[in-house]
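Remember, it's a predicted structure, so these values are computed and weren't measured experimentally. What you see below is based on every heavy atom in this structure, not just the backbone, and it leaves out hydrogens, waters and symmetry mates. Within every chain, numbering begins at 1; the chains are lettered A, B, ... in the order of the sequence lines, protein sequences first and strands thereafter.
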Amino acid sequence: MTNDILVFAEQRNDKLHPAALQIVTPAKELAAKTGGKVVACLIGGTLNAAVEAIDKTGVGAIVTVSAPALANYSTLRYRTALAAVIGKVQPRVVLLPATFMGRDLGPRVAAKVGAALATDVTSLSINAEGSLDIIRPVYNGKASCHVGFPKDRPAIASVRPNTFPAATGGGGAARETLAYTPAAGDDRIDVKEVAKAGGEVKDVTEADIIVSGGRALKSEENFKIVFELAKELDAAVGASRAACDAGYQPHSRQVGLTGKTVTPRLYIACGISGAIQHLAGMRGSKVIVAINSDKEAPIFKLADYGIVGDLFKVLPAMTAEVRRLKG
Amino acid sequence: MKVLVIVRQVPDSTTNIKIQAGGQDIERAGVKMVVNPFDEFAIEQAVQLKEKRKDVASVTALIVGPATAGEALRTALAVGADDGIHLQDEAFDRLDELQTAALVAGVVKDGGYDLILIGKQEIDLDSGQLGPALAELLDIPHVGTTVKLEIAADGKSFVARRRIEGAEEVVQVPLPALITADKGLCEMRYPSLPNLMKAKKKPVKVLKAADVAGFAAATANLGGVKMHAFQPPPERPPGKMIPGDPEPAAKELVRLLREEAKVV
Ligand SMILES: Cc1cc2nc3c(=O)[nH]c(=O)nc-3n(C[C@H](O)[C@H](O)[C@H](O)COP(=O)(O)OP(=O)(O)OC[C@H]3O[C@@H](n4cnc5c(N)ncnc54)[C@H](O)[C@@H]3O)c2cc1C
């Protein structure tokens, strides 16, 4: 093992995932402690813009694995490619973003290369023995714990998006390419179709701002006022389980324990009571706003800003104000 | 076709989590334990396959955990699984998730399972390692965060719809394979009291460390993370309530979000 920190820089169609830039930030801090360098790894079809973008974050080296078979994400092929990069770089620590891709890939790669793994981490350090030690939320955010890694094998961690700022500064990193050598059976997963969910609206896991509606919206039709504010803020639309179960919104928008976990910069909860299972999915948001007619609603305990009032009046007034300020 | 469904027992989502003095773990006493909600979707899917298809020979439910985890296994049997495997040994409590995957792989690798179903993650540790890691160790493909599953008429492959960021992906995969279940796949039926009684008579094989060939070797070469220093979540400072009529309050909120919080 070297002292290097390998970063899996997730990209689709030669465009980096924002979280890829973010995880370089803790990677640099770890490398400063281990005395190694940060090595970025990109896996995909054609890789140009994504490589240039990661070079601007100040990584020490860039390894690319590019092949037509890697143009779209495929668990087995990407596993083979990332395991090959780990074999070549021999990093002490590997960081992935805790996105759908990173969460899918991390355990497979860890099992393949005989590493140890922690997922969805929010803080990373190197302890006195020189091993990785991280913090991650557990029990739906009702607690957090440290996770210590063994010394004698690579440590892999997937890092929660929007936890660290995007890294900047640098350029001219050493570049290296590695060929993709398919493993037997890598082609077993055949992607037939990728259907954009929810039409033109952003997905909650991709958005910096989320406007969420609950049972109080009362109908799919009424969600229009949520979409209008979301549009002005360039936000995604989320929903509580009660709103999804009632058919007001598809389950792909559900936020919470059995829905999606989100960590946006701003989360606006409208007519959502704040049940513990809803909080499980959004308590990691930076700023939380609650709009609810019941001043006792539990959501207010978590909110940074609150309005006790009728969302059918407050939301349109917010939309109008944001629109006015944009001129 | 043989189907395996992996079940985990977790604290009920409404449980108040208290941390032990010293922070080495959470308080376990008095915590209500339930079947992991994502595993419920997997159980129901397995049982529905058996009900709808003549070529499904059996559905086996497997759990790793102490004697009390047998209750979760019984729920799976009451819902319709045919038999159970309970991996129960103090040595198993010390395994991390990757090592648990190695343990389970050692137990099921020669079982002839064509389809393995498991929830996409556990709601206690939220880590989601077991499914994909198990698939890797068995050298079979997995499809994560699955919301729809259709097995081909010949029982040799399936088409699955899975949730990814902002999109849904449709994939075709040959069996044997592993599926991790997401919300939307199906909702578990309520296990009726008579079925819970009948479930007590269904066969459950209890395996100890000594019964699992190569247990020590399989779990020695990967994983090994250790949780410590549990803490309550950081306190959020008290929020600001904005008084007044809807219109001025809305205006003031937008101003605060721009000028104070600087998020819009
Ligand atoms: C295993 C399990 C998993 C679960 N997973 C999830 C999950 O992933 N996500 C999730 O959201 N829930 C989940 N739940 C359900 C959760 O317990 C709640 O039932 C749900 O979150 C309630 O949704 P709600 O807040 O929209 O509805 P309610 O609790 O009915 O709240 C509606 C709120 O709207 C307010 N209101 C009414 N009219 C107005 C108005 N005109 N203006 C402003 N406010 C108004 C009311 O005061 C109330 O607070 C789960 C439950 C279980 C048991």
Side-chain angles (χ1 to χ4, degrees), chain A residues 75-76 99-100 103-104 107-108 110-112 114-120 138-150 188-197 203 205-206 233 251-252 257-259 265-266 276-277 287 300 302-307 309-310 313-314 317-318 321-322, chain B residues 11 13-14 17 19 26 37 98 101 123-129 132-133 135-137 141-142 144-145 159 163-174 183-184 221-233 236 239-242 246-247 249-251 253-254 256-257 261 263-264:
Chain A
T75 306
L76 293 173
T99 53
F100 276 75
R103 285 180 147 250
D104 198 55
R108 271 208 96 117
K112 182 161 180 72
L117 172 68
T119 56
D120 216 20
V138 288
Y139 299 99
N140 352 113
K142 285 185 274 189
S144 69
C145 74
H146 279 259
V147 177
F149 282 74
R188 279 174 291 183
I189 299 174
D190 181 11
V191 178
K192 293 270 167 214
E193 183 192 337
V194 180
K196 191 102 182 115
D203 188 66
T205 53
E206 292 176 318
L233 294 171
H251 279 291
S252 58
L257 184 69
T258 45
R265 189 169 78 213
L266 173 61
I276 190 84
Q277 298 92 353
V287 174
F300 285 124
L302 202 67
D304 301 285
Y305 299 101
I307 293 181
D310 181 358
K313 298 201 175 99
V314 176
M318 282 179 74
E321 178 67 2
V322 176
Chain B
S13 59
T14 52
I17 296 293
I19 292 159
I26 63 156
L98 289 176
I123 65 159
D124 50 356
L125 299 181
D126 268 336
S127 110
Q129 299 183 25
E136 179 64 35
L137 296 170
H142 85 271
T145 52
V159 171
R163 204 168 267 159
I164 57 171
E165 236 150 86
E168 281 185 359
E169 203 175 68
V170 181
V171 295
Q172 186 171 5
V173 181
K183 166 96 185 168
N221 296 321
L222 82 176
V225 297
K226 292 223 162 29
M227 291 189 280
H228 63 105
F230 281 77
Q231 292 159 6
R236 286 184 93 96
K240 216 176 239 182
M241 298 301 281
I242 302 158
E247 220 166 293
K251 280 192 165 180
L253 173 60
V254 173
L256 288 166
L257 291 177
V263 286
V264 300

If you tally heavy-atom pairs under 4.5 Å between each of B:Gly144, B:Ala261, B:Pro141 and chain A, the highest tally belongs to B:Pro141

Applying a strict 4.5 Å limit to non-hydrogen atoms, the region of B:Ala101 in contact with chain A is neither

Among B:Lys226, B:Met241, B:Arg236, B:Glu169, the residue with the most heavy-atom pairs under 4.5 Å to chain A is B:Arg236

Counting heavy-atom pairs under 4.5 angstrom with chain A, the leader among B:Leu256, B:Leu137, B:Val159, B:Ile19 is B:Leu256

Note: vs chain B, highest number of non-hydrogen pairs under 4.5 angstrom among A:Ala317, A:Ala303, A:Cys145 is A:Cys145

side-chain hydrogen bond (donor to acceptor under 3.5 Å, both in side chains) assessment of A:Gln277 paired with B:Ser13: CA-CA 7 Å; A:Gln277 298 92 353; B:Ser13 59; 3.0 Å; yes

A:His146 meets the ring-ring contact (aromatic ring centres under 6.0 Å, His included) criterion, sequence neighbours left out, with B:His228

Of B:Val171, B:Val225, B:Val173, the largest count of non-hydrogen pairs under 4.5 angstrom with chain A goes to B:Val225

NZ (B:Lys251) and CD1 (B:Ile242) are apart, to the nearest 0.5 Å, by 14.0 Å

Interface check, chain B: of A:Ser144, A:Ala118, A:Gly259, most non-hydrogen pairs under 4.5 Å belong to A:Ser144

A:Thr75 side chain reached by A:Arg108 side chain, heavy atoms, under 4.5 Å: yes

Interface check, chain B: of A:Val138, A:Ile189, A:Asp190, most non-hydrogen pairs under 4.5 Å belong to A:Asp190

Under 4.5 Å to a heavy atom of chain A? For B:Leu253 that would be side chain

Original post:
Looking at side-chain heavy atoms only, is the closest gap between B:Pro37 and B:Ile123 below 4.5 Å?
Top reply: yes

Whatever's closer than 4.5 Å to a heavy atom in chain B on A:Thr258 counts as both

Residue from B:Gly184, B:Ala249, B:Ala229, B:Gly128 scoring the most non-hydrogen pairs under 4.5 Å with chain A is B:Ala229

Honestly, the part of B:Val263 sitting under 4.5 Å from a heavy atom of chain A is both

Most heavy-atom pairs under 4.5 Å with chain B, out of A:Asn140, A:Leu117, A:Thr99, belong to A:Leu117

One should read off an interatomic distance between A:His251 NE2 and B:Arg163 CZ, to the nearest 0.5 angstrom, of 8.5 Å

By side chain to side chain contact (heavy atoms under 4.5 Å, CB included), B:Pro11 pairs with (sequence neighbours left out) A:Tyr139, B:Thr15, B:Val31, B:Met33, B:Asp124

Turns out that what part of A:Leu233 lies under 4.5 Å from chain B's heavy atoms comes down to side chain

The reported gap from CG in B:Asp126 to CZ in A:Arg103 (rounded to nearest 0.5 angstrom) is 6.5 Å

So CG of A:Asp104 and OG1 of B:Thr145: to nearest 0.5 Å the spacing works out to 6.5 Å

Okay, B:Leu98 and chain A: the region with an atom under 4.5 Å from a heavy atom over there is side chain

### Task
Identify whether the distance between the nearest side-chain nitrogen and carboxylate oxygen of A:Asp304 and B:Lys240 falls below 4.0 Å.
no

Interface check, chain B: of A:Thr205, A:Ile276, A:Val314, A:Ile307, most non-hydrogen pairs under 4.5 Å belong to A:Ile307

